[in-house]
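Every chain is numbered from 1 and lettered A, B, ... according to where its sequence line falls, protein lines coming before strand lines.
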Amino acid sequence: MAPNTTRARFVHTNREKEEESSDDEPVEEEQEEDETDEEEEEDETTKVTTRSSSDKEEKIVKEKKKEPITISLKKVCKVCKRKGHKAGFKGAIYIDCPMKPCFLCKKPGHTTMTCPHRVTMEHGVIPAQKTNTKTSIDYVFQRELKAKLPYMVKPKYVIPNQLECGNVRFHARRITCLEFHPTNDNVILSGDKKGALGIWDYVKLHEKTVYDSIHSCIVNNIKFDLKNDDKLYMASSDGTVSYTDIVTGLSSCLLDVNPNGWHGPKTWHMLYGMDMSNEKGLVLVADNFGYLYMVDKCSNKMVEKPIRIHKKGSKITGLHFNPARPDLLLSCGNDHFARIWDVRRLESGSSLADLAHVRVVNSAYFSLASGTKIMTTCQDNRIRVWDSIFGNLESPNREIVHSHDFNRHLTPFRAEWDPKDETETVAVIGRYISENYDGVALHPIDIIDTGTGSLLAEITDPDITTITPVNKLHPRADILVSGSSRSVFVWKPKVESEEPQSEHLKRKQREFIYGSATGKKSNGKGPYNDSSDGEDRFGKDGKNKKVAKKTETKFTHNATKGKGKSKM
DNA sequence: ACCGAATGGCCCC
DNA sequence: TGGGGCCCCTTCGG
């Protein structure tokens with residue numbers, strides 16, 4: 001909360017404004033102070049007014065100091081500063097300011113509580129209207145694809161919705177990305193905001209390794225070298241791409257886009273999107289100024305000069321090679337576009353298609369088997385799906401309203417395909433907005449059927465009260481791994497026949513059949529100076545360290561099996 | 001228990 | 001086109 005002095009000034013001016021403009025409401029500040037309203041116990045000034053008479057002196061002193069504040073705060077909404085309503089948490093439920101557009105669907109005239117996208121399905125996710133009609137190419141595509149894919153016999157979709165284990169204080173800062181080991185099913189790789197790489201075998205719970213000297217700030221992307229299971233690439237906001245052997249901890253710098261060092265935040269290049277193509281022998285990374293860098297995997301040299309593929313000065317948030325057509329690349333960025341490119345003819349302005357969005361595009365992915373669909377996550381609270389890259393790309397085939405538009409202090413939410421889902425419809429994404437679960441505000445992880453927009457499952461655990469923006473479904477097993485704040489969690493499908501469960505558990509453990517749910521609802525400083533990290537991490541060490549410092553630590557395992565009693 | 005900070009995007013001038 | 005102010009449904013450590 002803002003310091004009282006600041007708040008007082010704002011409130012006061014607003015109150016004066018209010019009094020000038022609106023005289024429909026009688027001015028009755030003093031009298032209102034007498035009522036002790038129970039719904040405002042979180043308001044610090046109310047505590048002052050409702051304090052018992054035993055500390056009268058103190059009360060008097062305080063009231064003397066901030067009498068005008070006390071009066072004003074009680075009457076004024078903290079969002080719009082108007083009288084007559086209040087925004088904020090009421091228990092586990094957040095009450096919107098009615099003067100603002102709906103926080104969920106962004107349309108004016110209602111609040112999140114009454115938003116049709118929330119009420120109809122109860123959980124924010126609803127299928128949006130189709131915004132274009134199918135072209136003949138679409139039907140050809142469907143006919144071709146349907147012959148190959150088991151559309152008619154939809155497999156039972158297994159939801160990994162029971163907390164298997166989680167670790168606490170494994171990372172020092174919030175998790176920013178997760179990746180499964182390409183061949184060892186039990187190993188999870190995690191990157192954090194401070195630049196550390198975590199390696200965790202969640203079956204052998206105690207086996208955790210942290211390499212914390214490879215990068216000096218946010219790890220934005222981890223990609224394994226598919227030709228060598230022990231080696232991976234990491235792209236970081238420190239402006240480098242590292243190539244690390246996770247067994248030995250030896251690391252080399254593949255690319256440094258700030259060869260001249262630090263000259264202030266306006267010129268510092270940070271690397272966000274990254275993807276790798278074995279066919280092409282290329283590692284592609286993109287920075288926060290709209291540039292794409294192509295690095296040859298063999299020579300470790302840049303193939304050519306950086307190419308600007310998004311608006312000058314805007315961040316490129318993601319890159320994805322088409323899994324079926326190695327020449328196709330998908331990019332997305334802060335210029336509100338996702339773009340399709342031909343890697344063979346990659347130059348500024350040569351995109352094959354530009355997919356327009358309303359706001360920042362957090363992620364854009366081709367579907368993982370056929371590569372013919374595109375799914376994007378946009379900050380306007382919509383997941384967009386294009387059913388065929390060969391069809392009309394003017395507008396998406398579906399827009400799914402889903403709450404994920406909070407970005408400032410969280411890792412951006414990204415809807416990610418289930419790599420095991422042959423129908424290429426199931427996706428996972430964390431939800432920003434909270435629901436009231438037995439009086440506790442929890443932020444579920446949603447599993448969505450992007451074909452219909454229906455919610456297949458919402459995954460929660462009463463012990464995980466933080467938001468879970470980073471989620472990854474296992475490419476081979478029925479496992480979901482989540483990064484929530486500093487913790488990593490592993491989910492498995494619910495095991496049947498356990499002791500009686502609470503309503504909450506029942507709710508989260510419903511088993512869904514794909515397509516028709518059985519449940520009731522189908523549907524001179526470095527760029528970063530962490531508050532706790534006073535030293536200049538960019539200044540020390542050479543930039544192109546050939547060998548990363550290896551900081552291996554065995555942690556006492558702090559994870560729990562079964563019902564998930566892990567603390568956050 | 002409280003407070004400050006992180007540095008993200010958008011909008012306006 | 002760029003800088004500054006504003007937003008103010010988070011999370012953690014000090």
- Item | Qualifying residue for side chain to side chain donor-acceptor pair (under 3.5 Å) with A:His310, from A:Lys315, A:His336, A:Arg339 | A:Arg339
- Hits for ring pair (Phe, Tyr, Trp, His ring centres under 6.0 Å) against A:His269, two or more places apart or cross-chain, chain-then-number order -> A:Phe289
- Query: Distance check: side-chain N/O of A:Lys193 vs OP1/OP2 of C:dC12, anything under 4.0 Å?
  - Reply: no
- Rounded to whole Å, NE2 of A:His357 lies from C1' of B:dG9 at a distance of 17 Å
- Item | A:Tyr272 versus A:Asn288, side-chain donor and acceptor atoms under 3.5 Å | no
- Message: Other residues, nucleotides and ligands only: do more than 12 of their heavy atoms fall within 6.0 Å of NZ on A:Lys106?
- Response: yes
- Given atom CG of A:Leu410 and atom C1' of C:dC12, what is their separation to the nearest angstrom? 13 Å
- Taking only side-chain nitrogens and oxygens of A:Lys311, does any of them come within less than 4.0 Å of OP1 or OP2 of C:dT1? no
- Looking at every strand, decide which applies to A:Arg359 at a 4.0 Å heavy-atom threshold: base, sugar-phosphate, or nothing. sugar-phosphate
- Item | Spacing of the P atoms in C:dC8 and B:dC2 (rounded, Å) | 23 Å
- Message: Does a side-chain N or O of A:Ser485 approach OP1 or OP2 of C:dC12 to a distance below 4.0 Å, or not?
- Response: yes
- Task: Rounded to the nearest angstrom, tell me the gap between atom CZ in A:Arg174 and atom P in B:dA6.
- Result: 13 Å
- Query: Would you say a side-chain N or O of A:Asn334 is under 4.0 Å from OP1 or OP2 of B:dG9?
  - Reply: yes
- Task: Write down the distance between CE (A:Met99) and C1' (C:dC7), rounded to a whole number of angstrom.
- Result: 18 Å
- Message: What's the separation between atom NZ in A:Lys208 and atom CH2 in A:Trp200, rounded to the nearest 0.5 Å?
- Response: 5.5 Å
- Message: Can you identify which nucleotide, out of B:dG8, C:dT10, C:dG3, has its nearest atom closest to the A:Tyr432 side chain?
- Response: C:dT10
- Task: Whenever both distances are under 3.5 Å in a Watson-Crick or G-U wobble pair, mark it; put DNA chain C into dot-bracket that way, with [ ] for crossing pairs and | when the partner is on another strand.
- Result: .||||||..|||||
- Item | salt bridge (charged side-chain N to carboxylate O under 4.0 Å, His left out) partners of residues 262-273 of chain A, not counting sequence neighbours, each pair once | none
- Item | First encountered from the 5' end of DNA chain C, between A:Tyr94 and A:Ala172 | A:Tyr94
- N/O donor-acceptor pair under 3.5 Å between A:Ser236 side chain and A:Ile218 backbone: yes
- Query: Can you tell which of C:dC7, C:dT10, B:dC10 lies closest to the side chain of A:Val360?
  - Reply: B:dC10
- Query: Which part of the nucleic acid, if any, lies within reach of A:His336 when heavy atoms closer than 4.0 Å are counted: base, sugar-phosphate only, or nothing?
  - Reply: sugar-phosphate
- For A:Ile467 and for A:Val79, locate the closest nucleotide of DNA chain C by heavy-atom distance; then report the residue assigned to the nucleotide nearer the 5' terminus. A:Val79
- Message: Can you measure A:Phe103 atom CZ to C:dC8 atom C1' for me and round it to whole angstrom units?
- Response: 10 Å
- Query: Looking only at side-chain N and O atoms, does A:His409 come under 4.0 Å of OP1 or OP2 in C:dC12?
  - Reply: no
- Message: Less than 4.0 angstrom between a side-chain N/O of A:Lys315 and OP1 or OP2 of B:dG9, yes or no?
- Response: yes
- Query: Rounding to a whole Å, what distance do you find between A:Asp192:CG and B:dA6:P?
  - Reply: 17 Å
- Could you check whether A:Lys266 gets within reach of a base, just the sugar-phosphate, or nothing at all, counting any heavy atom under 4.0 Å? sugar-phosphate
